[in-house]
Asks: 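Supplied in structure tokens, the structure appears directly below.
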Protein chains: 2
Amino acid sequence: MADTKNQKPDYEKMLRKAGVRITRPRRVIVEILSASDDHPDALEIFRRASEIDPSLSLSTVYRTMKLLEGLGAIHRHAFEGGPSRFEQAGGEHHDHLIDLDTGDVIEFKSDRIEHLQNEIAEALGYDIVHHRLELYGRKRKAR
Amino acid sequence: MADTKNQKPDYEKMLRKAGVRITRPRRVIVEILSASDDHPDALEIFRRASEIDPSLSLSTVYRTMKLLEGLGAIHRHAFEGGPSRFEQAGGEHHDHLIDLDTGDVIEFKSDRIEHLQNEIAEALGYDIVHHRLELYGRKRKAR
DNA sequence: ATCCATGCAAACTTTTTGCACTCGT
DNA sequence: ACGAGTGCAAAAAGTTTGCATGGAT
């Protein structure tokens, strides 16, 4: 289960290809993302990045997230009742189970569910652009 | 497909059972909900209700939505990039396909997907409290 | 030397809340 | 008449934006 993990996107290359400038703030943010296995929100990314460069601003984090999202380098998730949380793209597609007690996010995938989704959209006359499947639960206590 | 539609909740009864007061604002809001087949957001409910009682406030709409949600009389959906949208409870469980061009919401259900979700949670050692499955797509053009 | 990107503060959107008053019970 | 519920305005929370300055190319 650990080896389904990402081969991380080469952010610098993507930025260069996009024709935007490789600035210090962008380098720092991208470095934080590379070092992250979790699903931090903008404020958390800001905190982590601030340790490297305290002059960085939250606006820049937001702007950079939007930029990277547009490039397909990261995914944005809007889990319920909280701010957007981000994750590097590059791994294979997966969905999320959110631990209601801890906020932890567990990734999983199911080809069968994906397939059923396509069947459903097909039947309704739609092409799926993307989808969102989130399970909210708690660790099973009872034996 | 039209007959999978809701038998609407009896809001007044639910409010009474909850031991809260049946006020004019609540009556009006609940009347709007009863008359709705779509998935309006708070502001839209406020607009519709304002036609009946112009003195009603948006805060009260929010407060009432929270109350009704707590009673299980309505469901709150946070589709991506927009405000919460509401729907009467009482129909059978279903998921949503959101038309990216129009914002229309199409309801569907799949026992097989539900079942797979439970299997997955089970395998991960979790009990599902609830879940969210949304398909975002556009009407199929190509023949 | 350009002009894209940044920091800062202000604006914005959605939702919640404090407070004095109203009205259901 | 008591106190839950309301309207209003202000506050929160998350995110975006205008503007003057700074830095990558």
Side-chain angles (χ1 to χ4, degrees), chain A residues 11-32 39-71 73-86 103, chain B residues 11-32 39-71 73-86 103:
Chain A
Y11 295 108
E12 294 227 355
K13 180 175 293 179
M14 297 183 83
L15 289 173
R16 221 173 305 273
K17 185 169 359 173
V20 302
R21 292 180 182 171
I22 316 280
T23 61
R24 177 147 165 63
R26 285 180 180 158
R27 239 191 281 264
V28 172
I29 289 169
V30 140
E31 182 182 334
I32 293 298
H39 299 69
D41 60 31
L43 193 56
E44 178 59 27
I45 292 168
F46 171 67
R47 279 195 212 100
R48 296 180 193 176
S50 294
E51 261 161 64
I52 302 178
D53 178 357
S55 75
L56 182 124
S57 81
L58 182 56
S59 324
T60 296
V61 173
Y62 276 109
R63 279 191 274 237
T64 303
M65 290 303 115
K66 182 160 287 188
L67 171 64
L68 294 175
E69 188 186 9
L71 301 182
I74 61 170
H75 295 305
R76 174 192 300 261
H77 302 295
F79 300 134
E80 57 184 32
S84 292
R85 296 170 64 172
F86 303 92
Chain B
Y11 295 106
E12 294 227 356
K13 181 176 291 178
M14 297 182 84
L15 290 173
R16 221 173 307 271
K17 184 169 357 174
V20 302
R21 293 181 181 171
I22 315 280
T23 60
R24 177 147 166 62
R26 284 180 181 159
R27 239 191 280 265
V28 172
I29 290 169
V30 139
E31 182 183 333
I32 293 300
H39 299 69
D41 61 30
L43 193 56
E44 178 60 25
I45 292 168
F46 171 67
R47 280 194 211 100
R48 296 180 193 176
S50 294
E51 262 162 62
I52 302 178
D53 178 358
S55 75
L56 182 124
S57 80
L58 181 56
S59 323
T60 295
V61 173
Y62 275 109
R63 280 190 275 236
T64 303
M65 292 302 115
K66 182 158 287 185
L67 172 64
L68 294 175
E69 188 187 8
L71 301 182
I74 60 170
H75 294 305
R76 174 192 301 261
H77 301 296
F79 300 135
E80 57 185 30
S84 292
R85 297 170 64 171
F86 303 92

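So that the names make sense, note that chain A is the first sequence line, chain B the second, and so on, each numbered from 1.
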Asks: Quick one: is D/dT15 close enough that its OP1 or OP2 comes under 4.0 Å of any side-chain N or O from A/Ser59?
Replies: no
Asks: Any side-chain heavy atom of B/Ile74 within less than 4.5 Å of one from B/Tyr11?
Replies: yes
Asks: Using heavy-atom distances to pick each residue's nearest nucleotide on DNA chain C, tell me which of A/Leu58 and B/Arg16 is more 5'.
Replies: A/Leu58
Asks: Is it true that B/Arg47 and B/Glu51 make a salt bridge, defined as a side-chain N closer than 4.0 Å to a carboxylate O?
Replies: no
Asks: Using a strict 4.0 Å threshold on nitrogen-to-oxygen distance, state whether B/Glu12 and B/Arg16 make a salt bridge.
Replies: yes
Asks: What integer distance in Å separates B/Leu56:CG from D/dC8:C1'?
Replies: 13 Å
Asks: Among the candidates C/dG18, D/dG5, D/dG14, find the nucleotide nearest to the side-chain atoms of B/Arg21.
Replies: D/dG5
Asks: Report yes if at least one side-chain N or O of A/Arg26 is closer than 4.0 Å to OP1 or OP2 of C/dT6; otherwise report no.
Replies: yes
Asks: Whole angstroms only, please: what is the CG-P distance between B/Asp53 and D/dT6?
Replies: 11 Å
Asks: Side chain of A/Ser57 only, please: which of C/dT15, C/dG18, C/dG7 is the nearest?
Replies: C/dG7
Asks: What residue among A/His39, A/Arg76, A/Glu44 forms side chain to side chain contact (heavy atoms under 4.5 Å, CB included) with A/Phe86?
Replies: A/Arg76
Asks: Please give, in whole Å, the distance from C/dC4 C1' to A/Leu15 CG?
Replies: 13 Å
Asks: Going by heavy atoms in the side chains, are B/Leu67 and B/Arg63 under 4.5 Å from each other?
Replies: no
Asks: Whole angstrom is fine here: how far is it from CE in B/Met65 over to P in C/dT14?
Replies: 16 Å
Asks: From CZ of A/Arg24 over to C1' of D/dA24, roughly how many Å is that when rounded to an integer?
Replies: 14 Å
Asks: Between C/dT15, D/dG14, C/dT6, which nucleotide has the shortest distance from any of its atoms to the side chain of A/Tyr62?
Replies: D/dG14
Asks: Report the residue (B/Leu67 or A/Thr23) whose heavy-atom-nearest nucleotide on DNA chain D is the more 5′ of the two.
Replies: B/Leu67
Asks: Please compare B/Arg63 and B/Asp41 by the position of their nearest nucleotide in DNA chain C and report the one closer to 5'.
Replies: B/Asp41
Asks: Write down the distance between CD1 (A/Ile45) and P (D/dG14), rounded to a whole number of angstrom.
Replies: 14 Å
Asks: Please give, in whole Å, the distance from C/dT13 C1' to B/Phe46 CZ?
Replies: 16 Å
Asks: Does C/dT16 have its OP1 or OP2 closer than 4.0 Å to a side-chain nitrogen or oxygen of B/Lys66?
Replies: yes
Asks: What contact category does A/Leu43 fall into here, base, sugar-phosphate, or nothing, at under 4.0 angstrom with non-hydrogen atoms?
Replies: nothing
Asks: Separation of B/Ile22 atom CD1 from D/dT6 atom P, in whole Å?
Replies: 11 Å
